[in-house]
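A quick write-up on the structure given underneath.
Counting convention: from 1, in listed order, for ligands and their atoms alike. Only a predicted model underlies this, so the values are computations on that prediction, with no experimental measurement involved.
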Amino acid sequence: MPRKRTYLLCPPEYFAVEYAINPWMDTTTPVDRDLALKQWHQLRQTLLDLGHTVHELTPQPGLPDMVYAANGAFTVDGTSYGARFRYPQRAAEADAHRAFYEAHGWRHVVPTETNEGEGDFTYLPGAHGGLILAGYGFRTSTAAHAEAQEVLGRPVVSLRLVDPRFYHLDTALAPLDDQTVAYYPGAFSTASRRVLAQLFPDAIQVDEADAVAFGLNLVSDGRHVVLNSEATGMAARVAEAGYTPVPVDLSELKKGGGSVKCCVAELRP
Ligand code: ARG
């Protein structure tokens with residue numbers, strides 16, 4: 001069953017590929033900012049049409065990746081665990097997110113450890129009584145996994161990412177509802193694959209083509225699965241599993257190494 005969600009987004013007003021901090025970014029590829037904005041508005045409207053609440057951050061010049069709002073914090077049960085970005089180019093984004101949470105009455109915890117928010121953390125309220133999955137290997141440190149567990153009081157399972165194309169957990173694994181995940185096994189170490197198989201025996205395992213099309217970088221409300229329109233194979237997989245795929249075209253934002261999920265932070269009160 002779908003559940004109404006509250007999301008935080010940031011329009012790509014200053015979006016650009018000015019530096020390359022993941023293998024998808026190529027500073028010589030031209031970016032069409034107007035098209036990026038148009039596609040982003042389409043994403044926002046899609047979430048509103050599904051009945052969800054959308055909050056917006058004010059974009060800031062000089063922060064071209066701010067559109068990837070998922071990276072600014074991770075929220076569970078009304079607490080927001082702030083981000084501390086790996087690369088200096090994105091560091092100031094954390095303050096913009098912090099200001100939002102503090103202004104909206106959240107208990108906001110400023111982290112000591114390097115982590116990129118919902119890029120590398122996800123929460124499954126219906127799995128094992130409430131489980132946090134956390135990625136490491138490229139951006140978020142394992143020390144941040146321990147810190148998040150202390151701050152949020154939920155068990156955190158660390159998963160090691162091994163393929164640089166899937167540098168954030170949200171490019172390699174996605175919750176489809178409160179207890180079900182889909183993931184691309186090739187993005188994880190052998191041991192982490194075993195951990196996932198043990199925790200989620202009924203998971204949907206997707207292939208490399210679906211993962212490369214950013215098919216796992218999705219946002220689900222438990223029924224509607226909003227995903228990149230290029231990910232046609234993934235749309236078929238989720239439909240087979242009984243969910244309703246809702247494709248959106250985010251071709252411009254893919255040039256920065258992100259898609260639907262990267263642009264959408266979920267606020268869990
Ligand atoms: N250019 C951004 C970076 O490399 C993309 C972030 C994508 N966000 C995500 N949640 N995966 O940091």
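Those atoms of ligand 1 with a heavy atom of Met25 less than 4.0 angstrom away are 1 (N). Using a 4.0 Å cut-off to heavy atoms of Gly257, the atoms of ligand 1 that qualify are 7 (C). Here is the list of ligand 1 atoms found below 4.0 Å of a heavy atom in Asp65: 1 (N), 2 (C), 3 (C). Ligand-side atoms of ligand 1 in range of Ile21: 3 (C), 4 (O), 12 (O), range being under 4.0 angstrom from any heavy atom. Within ligand 1, the atoms closer than 4.0 Å to a non-hydrogen atom of Tyr68 are 1 (N), 2 (C), 5 (C), 6 (C), 7 (C), 8 (N), numbered from 1 in the order shown. Heavy-atom proximity to Gly119, at under 4.0 Å, picks out these atoms of ligand 1: 10 (N).
For atom 10 (N) of ligand 1, the closest non-hydrogen atom on the protein side is Asp170 OD2, 2.6 Å. Looking at atom 1 (N) of ligand 1, its nearest protein heavy atom turns out to be Gly256 O, 2.8 Å. With respect to atom 9 (C) of ligand 1, the closest heavy atom belonging to the protein is Cys262 SG, 2.7 Å.
For the side chain to side chain donor-acceptor pair (under 3.5 Å) criterion with Asp221, the lone passing option out of Arg3, His52, Lys4 is His52.
Residue contacts with ligand 1 include Arg139, since one or more of its heavy atoms lies under 4.0 Å from the ligand. Within the 4.0 Å heavy-atom cutoff, Tyr167 counts among the residues contacting ligand 1.
In terms of polar-atom proximity, defined here as any N/O pair under 3.5 Å, Arg90 does make such a contact with ligand 1. Between His168 and ligand 1, an N or O atom pair is found at a separation short of 3.5 Å. Ligand 1 has an N or O atom lying under 3.5 Å from an N or O atom of Asn22, backbone or side chain. Inclusion of Thr171 in the set of residues having an N or O under 3.5 Å from an N or O of ligand 1 is not warranted.
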Review point. What's the verdict on salt bridge (Lys or Arg N to Asp or Glu O under 4.0 Å) for Glu118 and Lys261, showing C-alpha distance, side-chain angles and the deciding distance?
Key: CA-CA 9 Å; Glu118 273 201 331; Lys261 174 58 209 169; 2.5 Å; yes
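Of the N and O atoms on the side chains of Arg268 and Tyr123, not one donor lies less than 3.5 Å from an acceptor on the other residue. Using modelled atom types and a 3.5 Å distance limit, the side chains of Tyr183 and Gln205 yield a donor-acceptor pair. Thr79 and Asp77 share no side-chain donor-acceptor pair at under 3.5 Å.
Here the side chain of Ser220 pairs a donor or acceptor atom with the backbone of Leu176 at under 3.5 angstrom. Asp120 places a side-chain N or O within donor-acceptor distance of the main-chain N or O of Leu169, the cut-off being under 3.5 Å. A donor-acceptor contact shorter than 3.5 Å links the side chain of Ser141 to the backbone of Thr114. A donor-acceptor distance shorter than 3.5 angstrom exists from the side chain of Thr75 to the backbone of Glu266, with no hydrogens or angles considered.
Note: His128 and Phe200 have perpendicular aromatic rings, judged against thresholds of 30 and 60 degrees for the angle between ring planes.
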